[in-house]
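Have a look at the structure below, then the notes.
Side chains are part of it too, since the values below use all heavy atoms of this structure and drop only hydrogens, waters and symmetry mates. So that the names make sense, note that chain A is the first sequence line, chain B the second, and so on, each numbered from 1.
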There are 2 protein chains.
Amino acid sequence: MAIQLECEKILKERGLRITKPRMSILEQFLSHPNALSHNDIEEKILDIDRITLYRTLKSFEEKGVIHKAIDGTDKPKYALCESSCSEHAHHHDSHLHFRCDDCNHTFCIEGVAIPAIPAPEGYHVKGTDIVLNGLCKNCS
Amino acid sequence: MAIQLECEKILKERGLRITKPRMSILEQFLSHPNALSHNDIEEKILDIDRITLYRTLKSFEEKGVIHKAIDGTDKPKYALCESSCSEHAHHHDSHLHFRCDDCNHTFCIEGVAIPAIPAPEGYHVKGTDIVLNGLCKNCS
DNA sequence: TATATTGTTGCAACTAAGATGCAAAAGTAA
DNA sequence: TTACTTTTGCATCTTAGTTGCAACAATATA
Ligand SMILES: [Mn+2]
Ligand SMILES: [Mn+2]
Ligand SMILES: [Zn+2]
Ligand SMILES: [Zn+2]
């Protein structure tokens, strides 16, 4: 499917109006395999206000279009959600993230089972986030 | 051992001069079981310049006194290192962190083995960070 | 296809986080 | 006590993120 059409489809499905900034931002996510920071996007789309970008990322996250990819750095990064995610629930509890030491890109890794970590004495575990680091496919 | 003496000992061991700000900051780490953010410390020690705090945290980290505790939030938190850590190497690769959903405190968890995560196809894994969340001992 | 309605954008203005240069002050060793 | 070196605190700057608001754009519906 053409990338434009796919963007429109996603925005419509999540009840977001189709606007120029949203289309270009979403296009960035669809055309990059790695998670993107606010800054990454700002550098790629020059004709967009940074406040709009903040707000777009926030509403994308709220509507289940993107999710924060925890990668151990201080700069938040965002990545596309699975199509099953919605305003009400994100459904990728069990995927992990990989940060490349060389290119510094962060990737969502689907299809690797998250092991159950034995709960430390006295703690009640509800969730597990795993961040791997090392060399990505390109940098190996 | 008196807490003052312990602070002095740690600073001397790591080749850091004993100064008033360093003593009070280190005292905070020794007297709290949870990881502390810049802000946590600033609120507790009122007579210290925030720039000095930034620089102290940085040199503590460089000298192996504290380490960054990855906890999935955007605010960096720091926790005491094991005594085996040094300027040249941190030796707590294999401990994990727990963030409490209720009190928002982050704890280092020693003594829970970090499982080997199967490496995703094409990636070369060098390290694993695990962050658990749920309820801590106090909040359970 | 024009209009009403509502959501979105971009700007200004603000707050918070963090870094750097530098002179004065403090710690250490002789 | 002095000489040497590190550390501190201040001023200043940069970057990150938030909020209020008027103008504007997207959609619905007549
Ligand atoms: Mn992800
Ligand atoms: Mn730790
Ligand atoms: Zn890479
Ligand atoms: Zn708690």
Side-chain angles (χ1 to χ4, degrees), chain A residues 4-5 7-28 35-66 68-78 87 104 106, chain B residues 4-5 7-28 35-66 68-78 87 104 106:
Chain A
Q4 297 287 87
L5 285 180
C7 289
E8 291 191 10
K9 178 164 162 279
I10 293 175
L11 292 176
K12 270 182 199 153
E13 276 173 2
R14 309 297 159 93
L16 288 162
R17 288 189 179 180
I18 294 162
T19 67
K20 194 164 157 265
R22 285 177 179 166
M23 288 291 285
S24 357
I25 293 167
L26 190 45
E27 197 180 325
Q28 289 302 315
L36 301 172
S37 69
H38 178 103
N39 223 312
D40 293 335
I41 303 174
E42 218 176 348
E43 282 171 5
K44 279 166 183 141
I45 312 179
L46 300 171
D47 61 341
I48 176 185
D49 189 72
R50 69 190 188 94
I51 286 105
T52 301
L53 178 49
Y54 280 121
R55 288 195 275 222
T56 302
L57 292 174
K58 187 179 285 183
S59 53
F60 277 10
E61 198 184 2
E62 283 166 2
K63 300 289 182 172
V65 178
I66 58 177
K68 244 183 199 145
I70 309 291
D71 75 346
T73 67
D74 36 4
K75 309 250 170 278
K77 296 201 182 67
Y78 300 88
E87 177 168 7
N104 281 311
T106 296
Chain B
Q4 296 286 88
L5 285 179
C7 290
E8 290 190 10
K9 179 164 163 278
I10 293 174
L11 292 176
K12 270 182 197 152
E13 277 173 1
R14 310 298 158 92
L16 289 162
R17 288 190 177 179
I18 294 162
T19 68
K20 193 164 159 265
R22 284 175 179 169
M23 288 292 282
S24 356
I25 293 167
L26 190 45
E27 197 180 324
Q28 289 301 316
L36 302 172
S37 68
H38 178 104
N39 223 310
D40 292 335
I41 302 173
E42 218 178 347
E43 283 172 2
K44 279 166 182 139
I45 311 177
L46 300 170
D47 61 342
I48 177 185
D49 188 72
R50 68 190 189 95
I51 314 292
T52 300
L53 178 49
Y54 280 120
R55 289 194 275 222
T56 303
L57 291 175
K58 185 180 287 183
S59 54
F60 278 9
E61 198 185 1
E62 284 166 3
K63 299 289 183 174
V65 178
I66 58 176
K68 245 183 199 144
I70 308 287
D71 75 345
T73 66
D74 35 3
K75 309 249 170 280
K77 297 203 181 64
Y78 300 88
E87 177 167 8
N104 282 310
T106 296

query: Starting at the 5' end of DNA chain D, which residue's closest nucleotide do you reach first, A:L16 or A:E42?
result: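 It is A:E42 whose nearest nucleotide is closer to the 5' end.
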field: Contact check, side chains of B:Y78 and B:I41, non-hydrogen atoms, under 4.5 Å
entry: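 No, their side chains stay 4.5 Å or more apart.
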message: Could you check whether any side-chain heavy atom of B:M23 comes within less than 4.5 Å of a side-chain heavy atom of B:L11, counting everything from C-beta outward?
response: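 Sidechains of B:L11 and B:M23: in contact.
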Just how far, in rounded Å, is [atom2] of [N] from [atom1] of [X]?
X: A:L57; N: C:dT8; atom1: CG; atom2: P; answer: 14 Å
X: B:R22; N: C:dT28; atom1: CZ; atom2: C1'; answer: 13 Å
X: A:M23; N: C:dT8; atom1: CE; atom2: P; answer: 15 Å
X: B:I45; N: D:dT8; atom1: CD1; atom2: P; answer: 12 Å

Reading 5' to 3' through nucleotides 18-27 of chain C, protein heavy-atom contacts under 4.0 Å coded B for base, S for sugar-phosphate only, - for none: BBBBB---BB
- prompt: Hey, does the side chain of A:R14 reach the backbone of A:G64 with a donor-acceptor pair shorter than 3.5 angstrom?
  reply: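 Here the side-chain-to-backbone pair exists.
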message: I'd like to know if the side chain of B:R22 reaches the main chain of B:R17, judged simply by a donor and an acceptor atom lying under 3.5 Å from each other, with no hydrogens or angles considered.
response: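 Between the backbone of B:R17 and the side chain of B:R22 there is a qualifying donor-acceptor contact (under 3.5 Å).
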task: With B:P21 as reference, evaluate B:D47, B:I48, B:I45 under the side chain to side chain contact (heavy atoms under 4.5 Å, CB included) test and give the passing residue.
output: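 Option passing the side chain to side chain contact (heavy atoms under 4.5 Å, CB included) with B:P21: B:I48.
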- prompt: Does a side-chain N or O from B:N39 land closer than 4.0 Å to OP1 or OP2 of C:dA17, or not?
  reply: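 Checking B:N39 against C:dA17: at least one side-chain N or O falls below 4.0 Å of OP1 or OP2.
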task: Take B:K12 and B:K75, find for each the nucleotide of DNA chain C with the closest heavy atom, and name the residue whose nucleotide sits nearer the 5' end.
output: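 Going by which nucleotide is closer to the 5' end, it is B:K75.
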field: Modelled atom types, side-chain donor and acceptor of A:D71 and A:T73, under 3.5 Å
entry: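 Result is yes, a qualifying pair exists.
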